[in-house]
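Take a look at the structure set out below.
All residue numbers in this chain count up from 1 along the given sequence.
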Amino acid sequence: MLPLPVLTTVTIARLDIGHHLNRPRAIPIGAAALTGRVQGSGVHFHLDSFVLQPSDPAEKLLVWLDQRLAEEQVTIAGYQLAGATALLDALPGAYWSSGLRSMAGLGAQPVMSLSARDLRGAPLTFEQACLHAGIRCSRIESSMRFSAWCRSVTEQIDHQTQVDAIAAWRLIMKRLSSLDQHGARVVDAMDEHLAGWLRASSNGAASLHACDIAAIGN
């Protein structure tokens with residue numbers, strides 16, 4: 001199970017700046033983090049996100065990650081974190097980023113990087129893994145995201161990144177529940193707390209996942 005009683009799942013928002021040339025080239029433009037903190041018999045959740053504006057220096061994203069991943073008593077988790085850290089490592093100031101080092105497994109925190117493959121052994125994208133697991137995630141249309149970001153219309157990008165942070169949490173929990181019976185019992189309890197928080201939250205991304213979980217239960 002979790003090495004520490006605090007888990008933070010991180011997702012990175014990507015912008016494909018080469019789609020118009022049919023040469024996919026992604027750059028990181030934002031991030032979201034969902035933290036679950038075991039406190040007594042309950043779990044306290046906190047969802048936060050950040051999206052760069054076109055006029056922002058890219059270092060602002062690294063600063064945000066540095067601040068969100070500074071706590072040592074936390075397990076950092078996500079889907080294919082190696083790919084995310086490779087994108088972040090290309091940003092100016094990456095050499096000095098403590099958050100980037102933590103995501104890469106070079107900090108004090110334990111790191112859980114989930115990945116999945118299909119029956120032929122081909123790696124699954126995050127969207128494919130969520131579809132296979134029956135978990136809601138964002139459906140990104142590259143040209144629409146590019147156009148919106150260039151016009152500084154970042155609200156939808158922020159929302160989608162939050163949706164994916166919650167989806168990453170659910171993917172991690174699903175994986176942990178398959179490891180052993182003890183893990184399954186702990187995850188069941190965590191899932192109950194998550195579902196309660198999602199239902200009570202006024203956040204749009206949380207509401208989408210609350211509906212998704214309710215639909216699965218019906």
Side-chain angles (χ1 to χ4, degrees), residues 1-14 26-52 56-116 123 126 129 158 161-180 182-187 189-191 193-194 197 205-206:
M1 284 305 295
L2 300 178
L4 297 169
V6 184
L7 174 69
T8 294
T9 56
V10 183
T11 55
I12 301 299
R14 295 164 166 84
I27 60 172
I29 58 168
L34 174 62
T35 296
R37 187 181 305 272
V38 178
Q39 296 179 327
S41 60
V43 183
H44 174 74
F45 291 94
H46 179 72
L47 177 64
D48 198 8
S49 58
F50 173 79
V51 177
L52 290 167
D56 285 339
E59 295 94 323
K60 288 185 69 174
L61 175 57
L62 294 172
V63 171
W64 186 89
L65 286 167
D66 292 348
Q67 295 170 345
R68 296 308 177 279
L69 303 178
E71 184 179 354
E72 291 188 1
Q73 297 300 310
V74 59
T75 299
I76 298 171
Y79 191 81
Q80 294 179 344
L81 288 180
T85 56
L87 292 177
L88 293 167
D89 192 41
L91 296 180
Y95 181 83
W96 295 277
S97 173
S98 59
L100 176 55
R101 287 196 299 274
S102 295
M103 285 181 64
L106 301 175
Q109 307 95 325
V111 174
M112 298 173 59
S113 182
L114 187 66
S115 62
F126 178 70
D158 186 65
T161 310
Q162 291 187 354
V163 168
D164 288 347
I166 301 173
W169 175 285
R170 293 176 62 193
L171 273 178
I172 293 292
M173 290 296 109
K174 196 174 187 72
R175 173 58 179 152
L176 291 176
S177 69
S178 68
L179 296 179
D180 54 52
H182 172 69
R185 289 194 295 270
V186 173
V187 169
M190 295 282 280
D191 284 348
H193 289 292
L194 176 68
W197 174 75

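Here the closest heavy-atom approach between residue His193 and residue Gly42 is recorded as CE1-CA, 3.7 Å. Closest heavy-atom contact between Phe126 and Ala167: CZ-CB, 3.8 Å. The minimum heavy-atom distance linking Tyr79 with Ala116 is given by the pair OH-N, 3.3 Å. Of all heavy-atom pairs between Gln80 and Ser115, the closest is CG-CB, 4.2 Å. Met103 and Val111 get closest at one heavy-atom pair: O-CG1, 3.9 Å. Considering every non-hydrogen atom in both Met173 and Leu7, the closest pair reads CE-CD2, 3.5 Å.
For Thr11, the side chain to side chain donor-acceptor pair (under 3.5 Å) criterion is met by no residue, not counting sequence neighbours. By the side chain to side chain contact (heavy atoms under 4.5 Å, CB included) test, Ala31 is found to be paired with Ile12, Leu61, Trp64, Leu65, residues two or more places apart in sequence or in another chain being considered. Checked against side chain to side chain donor-acceptor pair (under 3.5 Å), Gln67 has no partners two or more places apart in sequence or in another chain. Judged as a side chain to side chain donor-acceptor pair (under 3.5 Å), and not counting sequence neighbours, Thr161 has no contacts. For Thr8, the side chain to side chain contact (heavy atoms under 4.5 Å, CB included) test picks out Val10, Ala33, Thr35, Leu69, Val74, with sequence neighbours left out. With sequence neighbours excluded, the residues forming a side chain to side chain contact (heavy atoms under 4.5 Å, CB included) with Ala58 are Leu91, Pro92, listed by chain and number. Listed by chain and residue number, Asp48 satisfy the salt bridge (Lys or Arg N to Asp or Glu O under 4.0 Å) test with Arg68 (two or more places apart in sequence, or in another chain).
The salt bridge (Lys or Arg N to Asp or Glu O under 4.0 Å) analysis of residues 90-104, with sequence neighbours excluded, yields no pairs. Each side chain to side chain donor-acceptor pair (under 3.5 Å) pair with one or both residues in residues 86-98, not counting sequence neighbours, appears once here: Asp66-Ser97. Residue pairs meeting the salt bridge (Lys or Arg N to Asp or Glu O under 4.0 Å) criterion with at least one member in residues 26-46, sequence neighbours excluded, are Arg37-Glu71. Annotation: salt bridge (Lys or Arg N to Asp or Glu O under 4.0 Å) contacts involving residues 168-179, sequence neighbours excluded, comprise Arg170-Asp212.
Thr9 places no side-chain N or O within 3.5 Å of a backbone atom of Ala77 that could act as its donor or acceptor partner.
Looking at Leu47 and Trp169, their side chains never come closer than 4.5 Å, going by heavy atoms from C-beta outward. For the pair Val6/Gln73, no side-chain contact is recorded, criterion being any heavy-atom separation below 4.5 Å from C-beta on.
With values rounded to the nearest 0.5 angstrom, Met112 atom CE is found 12.0 Å from Ile76 atom CD1. Taking CG of Leu88 as the start and CG of Leu81 as the end, the distance is 10.0 Å to the nearest 0.5 Å. Atom CG of Leu52 sits about 9.0 Å away from atom CG of Leu62, to the nearest 0.5 Å.
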Could you walk me through whether Thr85 and Leu100 pass the side-chain contact (heavy atoms from CB on, under 4.5 Å) test, one step at a time?
CA-CA 6 Å; Thr85 56; Leu100 176 55; 3.8 Å; yes
